[in-house]
A.B. asks: 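Pasting a structure here, questions to come.
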Amino acid sequence: MRGDRIFGAVMIVLALGYILTASRIGTSFMSDPVGPRAFPYMIAGVIILCAVSMILRPDPEAEWPAGPMLLQLGIAFAALIGYAFAIKPLGFILPTVIVAGILSWQIGGHPKRAAIAGAGLGIGLFVLFRVVLGLGLKGLPAGWGF
C-alpha cells in the first residue's frame with residue numbers, strides 16, 4: 001500500500017514537470033488548431049488520473065521482485081537508457097533492433113527468434129514511422145545509407 005502511494009505521488013510530480021515542459025513548446029503560425037501542446041497535456045492528465053487512483057485506492061502489499069528478476073529488470077532498464085543515448089548518433093534502426101532483441105529475449109524468447117523479432121521490429125517500425133507516417137527519422141548513422 002505504501003509503495004503505491006509513494007509511486008503515485010512521484011508520478012504526479014513527474015506529470016506536473018511534463019506539463020511545465022510542454023507549456024514551453026513554441027507554436028508556429030502554421031500550426032493546427034489544437035496545437036503541439038495538446039498531446040503532452042493529455043498524456044500528463046492520464047498519468048495524474050492514474051496516480052491519484054493509486055494514492056486513493058492502493059493495492060494490498062505487493063511482493064517486490066528479488067534475485068534474478070531484479071537482474072532482468074536492471075538489464076531492461078540499462079538497455080532502455082542506452083537506447084535513449086544511442087538513437088541520435090546511431091540512427092533509429094540499429095538501436096531499435098538491439099533493444100527489441102534484448103527485450104524479446106528477456107520475455108522468454110529463444111535467442112535466434114529474439115534476434116529475428118528485433119530485426120523485424122527495428123526495420124518495420126522504421127518503415128511505419130518514416131514511410132507511412134512521414135516522420136523525419138534518421139535510419140542509420142551518417143555514411144551507412146538511408
A.B. asks: Are more than 12 heavy atoms, taken from residues, nucleotides or ligands other than R5, located less than 6.0 Å from that residue's CZ atom?
C.D. replies: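 Count over threshold, so yes.
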A.B. asks: What heavy-atom pair brings A51 and G8 nearest, and what distance separates the two atoms?
C.D. replies: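 Smallest interatomic distance, heavy atoms only, reads CB-O, 3.3 Å.
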A.B. asks: Answer yes or no: is there a side-chain heavy-atom contact under 4.5 Å between I75 and I102?
C.D. replies: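 Touching, per the 4.5 Å side-chain cut-off.
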A.B. asks: Between the side chain of S53 and the main-chain N/O of L49, is any donor-acceptor distance below 3.5 Å?
C.D. replies: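 A pair under 3.5 Å: no.
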A.B. asks: Hydrophobic clustering (ILVMFWY, side-chain heavy atoms < 4.5 Å, transitive) - are V10 and L16 grouped together?
C.D. replies: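 No, L16 does not connect to V10 through the hydrophobic network.
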A.B. asks: Give the minimum heavy-atom separation between A22 and P40, together with the two atoms involved.
C.D. replies: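 Closest pair (atom of A22, atom of P40, distance): CB-CB, 3.5 Å.
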A.B. asks: When rounded to the nearest 0.5 angstrom, what distance separates CG in L121 from OG1 in T96?
C.D. replies: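 These two atoms lie 9.0 Å from each other.
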A.B. asks: Cluster question for you: counting only ILVMFWY and a side-chain heavy-atom cut-off of under 4.5 Å, with indirect links fine, are Y18 and I55 together?
C.D. replies: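 Y18 does not cluster with I55.
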A.B. asks: Taking a hydrophobic cluster as the set of Ile, Leu, Val, Met, Phe, Trp and Tyr residues connected by side-chain heavy atoms closer than 4.5 Å, whether directly or through intermediates, do L56 and I12 fall within one such cluster?
C.D. replies: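 Yes, L56 connects to I12 through the hydrophobic network.
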A.B. asks: Closest approach of S104 and A117, non-hydrogen atoms and distance?
C.D. replies: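 S104 and A117 have their closest heavy atoms at OG-CB, 3.8 Å.
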A.B. asks: So F92 and L125, do their side chains get closer than 4.5 Å, heavy atoms only?
C.D. replies: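 Side-chain contact under 4.5 Å: yes.
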A.B. asks: Side chains of S23 and Y41: is there a donor and an acceptor less than 3.5 Å apart?
C.D. replies: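 The criterion, which ignores hydrogens and geometry beyond distance, is not satisfied for Y41 and S23.
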A.B. asks: To the nearest 0.5 Å, what is the distance between CH2 (W105) and CD (Q72)?
C.D. replies: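 If we round to the nearest 0.5 Å, W105:CH2 and Q72:CD are 5.5 Å apart.
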A.B. asks: Can you see which heavy atom on A79 is nearest to which on V99, and at what distance?
C.D. replies: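 Where A79 meets V99 most closely, the heavy atoms are O-CG2, 3.6 Å.
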A.B. asks: Is the shortest heavy-atom distance from the side chain of L20 to the side chain of R24 under 4.5 Å?
C.D. replies: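 Yes, close enough: below the 4.5 Å cut-off.
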A.B. asks: Is any side-chain heavy atom of I19 closer than 4.5 Å to a side-chain heavy atom of I48?
C.D. replies: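 Yes. Closest side-chain heavy atoms under 4.5 Å.
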A.B. asks: Same cluster for F7 and I47 if Ile/Leu/Val/Met/Phe/Trp/Tyr side chains link at under 4.5 Å?
C.D. replies: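 Looking at the clustering, I47 is in the same group as F7.
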A.B. asks: Is D4 reaching over with its side chain to a backbone N or O of D59, donor-acceptor style, under 3.5 angstrom?
C.D. replies: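 Here the side-chain-to-backbone pair exists.
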A.B. asks: Measure the spacing between CD1 of I123 and CG of L128 and express it to the nearest 0.5 Å.
C.D. replies: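 One finds 13.5 Å between CD1 of I123 and CG of L128.
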A.B. asks: Any side-chain heavy-atom pair from F85 and I81 closer than 4.5 angstrom?
C.D. replies: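 Answer yes - side chains close enough.
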A.B. asks: Tell me whether M11 is reachable from V46 by hopping between hydrophobic residues (I, L, V, M, F, W, Y) whose side-chain heavy atoms are closer than 4.5 Å.
C.D. replies: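 Unlinked, V46 and M11 end up in two clusters.
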